[in-house]
Amino acid sequence: MNTPLDHDSSPLRYAEYVLGVLDADARAEVAREMLISDEAAAAVTLWHRRLQPMSEEIPSVQPPGRVWRRIQQSLHREAPAREAAPPARGGLWGNLRFWQGLGLGASALAAACLLLLCFSWGPRVAPPSASVAFMAATITQSDGHVGWTATMDLERARIVVVPVASPSFAPGKAPQLWLIPAGQKPISIGMITSRTPTTLALDRALLSRLGPTASLAVSVEPGGGSPTGQPTGPVVATGTIGAASG
Amino acid sequence: MHPNPSMSDAADERDELSRLLIRVAAGDEDAFAELYRRTSARLFGVCLRMLVEHGEAEEALQDIYTTVWRRAASFDAARAGAMTWMMALARNKIIDRLRQRRESMPSPVVDLDGVVDEHPGPALQAEASQEYRRLQECLEALESRQRQSVRDAFFSGSTYSELAARCQVPIGTMKSWIRRGLLQLRTCLDA
């Protein structure tokens, strides 16, 4: 009898992901699927709700105080950026909460500020208004560390991608940045690096798809970019796009 | 946790955790400290149980909470409770760690019949949530090898091949036990 149980692509893979029985490759495959499909993400959430009550059997154990101190230290490494941010002047810069919400690293925030100030120099035709002029995202690596920050200047149709961590890639491999509208296929934005900030032009047609439901992802591709127009290597970092208007 | 919370206490606690997490998303450090105070012992228990080694469990806990701080904005209270969201994040981190280190670790052989902690004690049952009781009923309805395999997988974070090696059965047999167990659990829980 040929049942769905015989296929590794069975819908049970979401349950297997939550249960923890998949090997590293199969786990990465489901994680990637969750990024591009709301349905997959919802299925995984549902299985978490079904199976997690089992963890109530595990006795609580008070962690040693040093763990909290280390957590605070790692957060406070980011804190100076908050104080060093330019004074409120409305719009993007005034929205400190927004930056705090992103949890940007100090160097990343400083670099992004500098780059955007350069771009934004000179008189603006329109005063900062309620309309969204910038959008931003932190692109977080699978280890939880911020890999890059991306800031989109919608007026000038460009995106600045600033590396925070400096992940290394195998020779001949390079990170490629993708825009993923919710539930749709990834669209290539371009190649980036893990060492220097990159500015990429944005297709104006792409801009209409930038919204709270879109996300960014970085995959590892051959140096010249994915040969297929879709990610071919592992997705190493992801982030959700948010409006940066004040 | 309260020794014997009533249903409404449990619901209040859940709402309170969600409110804290939403404040964390806005960068509120006091809310983050309170969230840690209320939830870290549960998550640390899980880290210790699955990773065993104390130092690594501490590292994992640190990693989990710094990620909670960074990703709190992606918490959606309409989809899952705060504890479910954090526990999902914790288990993902822990299982990823297990996958990274597994190659260097020989897995001990386990006789399924020798697994003792299959049934939680009465003290736990008194404070268990409604969801836990429901899941327990559905687990009890499974054939014993299916139940034990699903439970062992959940608590150890082991892969199919590791579980099969530990129980000394072919991997296909282990997959079949677990998948049939999961299918039956879903039917039972969603009924």
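Just so it is clear, the values below take in all heavy atoms, side chains as well, and ignore hydrogens, waters and symmetry mates. Chain A is the first sequence line, chain B the second, and so forth, proteins listed ahead of strands; every chain is numbered from 1.
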Taking [Y]'s backbone N and O only, do any of them form a donor-acceptor pair with [X]'s side chain (distance below 3.5 Å, no angle check)?
{"X": "Gln52(A)", "Y": "Thr84(B)", "answer": "yes"}
{"X": "Arg49(A)", "Y": "Gly81(B)", "answer": "no"}
{"X": "Arg91(B)", "Y": "Leu19(A)", "answer": "yes"}

Does any heavy atom of chain A fall under 4.5 Å from the side chain of [X], the backbone, both, or neither of them?
{"X": "Arg71(B)", "result": "side chain"}
{"X": "Leu185(B)", "result": "side chain"}
{"X": "Asp190(B)", "result": "side chain"}
{"X": "Leu139(B)", "result": "side chain"}
{"X": "Ala33(B)", "result": "both"}
{"X": "Phe154(B)", "result": "both"}

(message) Between Glu16(A) and Arg179(B), does any side-chain N to carboxylate O distance fall below 4.0 Å?
(response) yes

(request) With Val21(A) as reference, evaluate Leu182(B), Thr159(B), Ile178(B) under the side chain to side chain contact (heavy atoms under 4.5 Å, CB included) test and give the passing residue. (result)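 By the side chain to side chain contact (heavy atoms under 4.5 Å, CB included) criterion, Val21(A) pairs with just one of Leu182(B), Thr159(B), Ile178(B): Ile178(B).
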
(message) For a quick check under 3.5 Å, do Gln62(B) and Ser74(A) share a side-chain donor-acceptor pair by atom type?
(response)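 Looking only at side-chain atoms, Ser74(A) and Gln62(B) do not form any donor-acceptor pair under 3.5 Å.
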
(request) Just give me the residue among Val44(A), Leu22(A), Leu46(A) that pairs up with chain B most often, heavy atom to heavy atom, under 4.5 Å. (result) Leu22(A)

(request) Pick whichever of Ala42(A), Ala15(A), Ser55(A) has the most heavy-atom pairs under 4.5 Å with chain B. (result) Ser55(A)

Who among [options] has the most heavy-atom pairs with chain A under 4.5 Å?
{"options": "Lys93(B), His54(B), Arg79(B), Glu59(B)", "value": "Arg79(B)"}
{"options": "Thr67(B), Leu43(B), Leu61(B)", "value": "Leu61(B)"}
{"options": "Ala80(B), Ala72(B), Ala153(B), Ala88(B)", "value": "Ala88(B)"}

Under a 4.5 Å cut-off applied to non-hydrogen side-chain atoms, are [X] and [Y] in contact?
{"X": "Ile71(A)", "Y": "Phe32(B)", "answer": "yes"}
{"X": "Arg27(A)", "Y": "Asn92(B)", "answer": "yes"}
{"X": "Glu29(B)", "Y": "His76(A)", "answer": "yes"}
{"X": "Met87(B)", "Y": "His48(A)", "answer": "no"}
{"X": "Asp23(A)", "Y": "Tyr160(B)", "answer": "no"}

(request) Go through Tyr65(B) and Leu75(A) one step at a time and tell me if the side chain to side chain contact (heavy atoms under 4.5 Å, CB included) criterion holds. (result) CA-CA 10 Å; Tyr65(B) 277 93; Leu75(A) 296 184; over 6 Å; no

Taking all atoms of both residues into account, what is the closest heavy-atom pair of [X] and [Y], and its distance?
{"X": "Met54(A)", "Y": "Phe155(B)", "answer": "O-CZ, 3.5 Å"}
{"X": "Ile95(B)", "Y": "Val18(A)", "answer": "CD1-O, 4.4 Å"}
{"X": "Pro63(A)", "Y": "Tyr36(B)", "answer": "CG-OH, 3.5 Å"}

(message) Looking at Glu39(A), I'd like to know if its CD atom is crowded, meaning that more than 12 non-hydrogen atoms belonging to other residues, nucleotides or ligands lie closer than 6.0 Å.
(response) no

(message) Between Trp68(A) and chain B, with a heavy-atom cut-off of 4.5 Å, which part of the residue counts as in contact: side chain, backbone, both or neither?
(response)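 For Trp68(A), the contact with chain B is made by backbone and side chain together.
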
(message) Under 4.5 Å from any heavy atom of chain B, what part of Arg50(A) do you find: side chain, backbone, both or neither?
(response) both

